**Student:** 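Below: one structure in structure tokens.
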Amino acid sequence: MNDFEFDQALSDFLDDDKCEDINETIFQMVRTAFAAGWNAARQAHEQPVAQTSP
């Protein structure tokens, strides 16, 4: 397979609806994981620090 055939095959694959669906699913998974981490960090930052008695 030469470079042109490879590039054409890759382009065809990336333009396929199935590939688009997979990319959207992966994006949503990454976004959900990032949002969960973001919210956890925000909640940890907002919680008051427990004080101990001397």
Side-chain angles (χ1 to χ4, degrees):
M1 180 183 302
N2 64 36
D3 287 344
F4 177 77
E5 290 172 324
F6 175 84
D7 289 342
Q8 185 61 48
L10 178 60
S11 180
D12 291 345
F13 170 74
L14 294 174
D15 289 340
D16 187 71
D17 288 340
K18 289 179 185 178
C19 184
E20 197 62 38
D21 292 344
I22 291 168
N23 283 333
E24 180 62 26
T25 300
I26 292 170
F27 173 79
Q28 290 300 328
M29 290 172 52
V30 170
R31 186 179 192 285
T32 299
F34 182 85
W38 183 274
N39 289 330
R42 187 177 61 190
Q43 288 174 2
H45 182 351
E46 292 174 355
Q47 291 179 354
V49 176
Q51 296 180 351
T52 58
S53 300

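This one's a predicted model, so the numbers in the text were calculated from it and none came from an experiment.
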**Student:** Is F13 reachable from I26 through a run of I, L, V, M, F, W or Y residues, each pair having side-chain heavy atoms under 4.5 Å apart?
**Tutor:**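 Shared cluster, no.
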
**Student:** Measuring from atom CG of D15 to atom CG of L10, what distance do you get when rounded to the nearest 0.5 angstrom?
**Tutor:**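 Going from the CG atom of D15 to the CG atom of L10 covers 9.0 Å.
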
**Student:** Indicate yes or no: at least one non-hydrogen side-chain atom of D21 is less than 4.5 angstrom from one of E24.
**Tutor:** no

**Student:** I'd like to know if the side chain of D12 pairs up with that of Q8 as donor and acceptor (distance under 3.5 Å, no hydrogens or angles considered).
**Tutor:** yes

**Student:** Do S11 and D7 come within less than 4.5 Å of each other through their side chains, counting heavy atoms only?
**Tutor:**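 Side chain of S11 against side chain of D7, heavy atoms only: no contact under 4.5 Å found.
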
**Student:** For D3, is the CG atom crowded, meaning more than 12 foreign heavy atoms sit under 6.0 Å from it?
**Tutor:** no

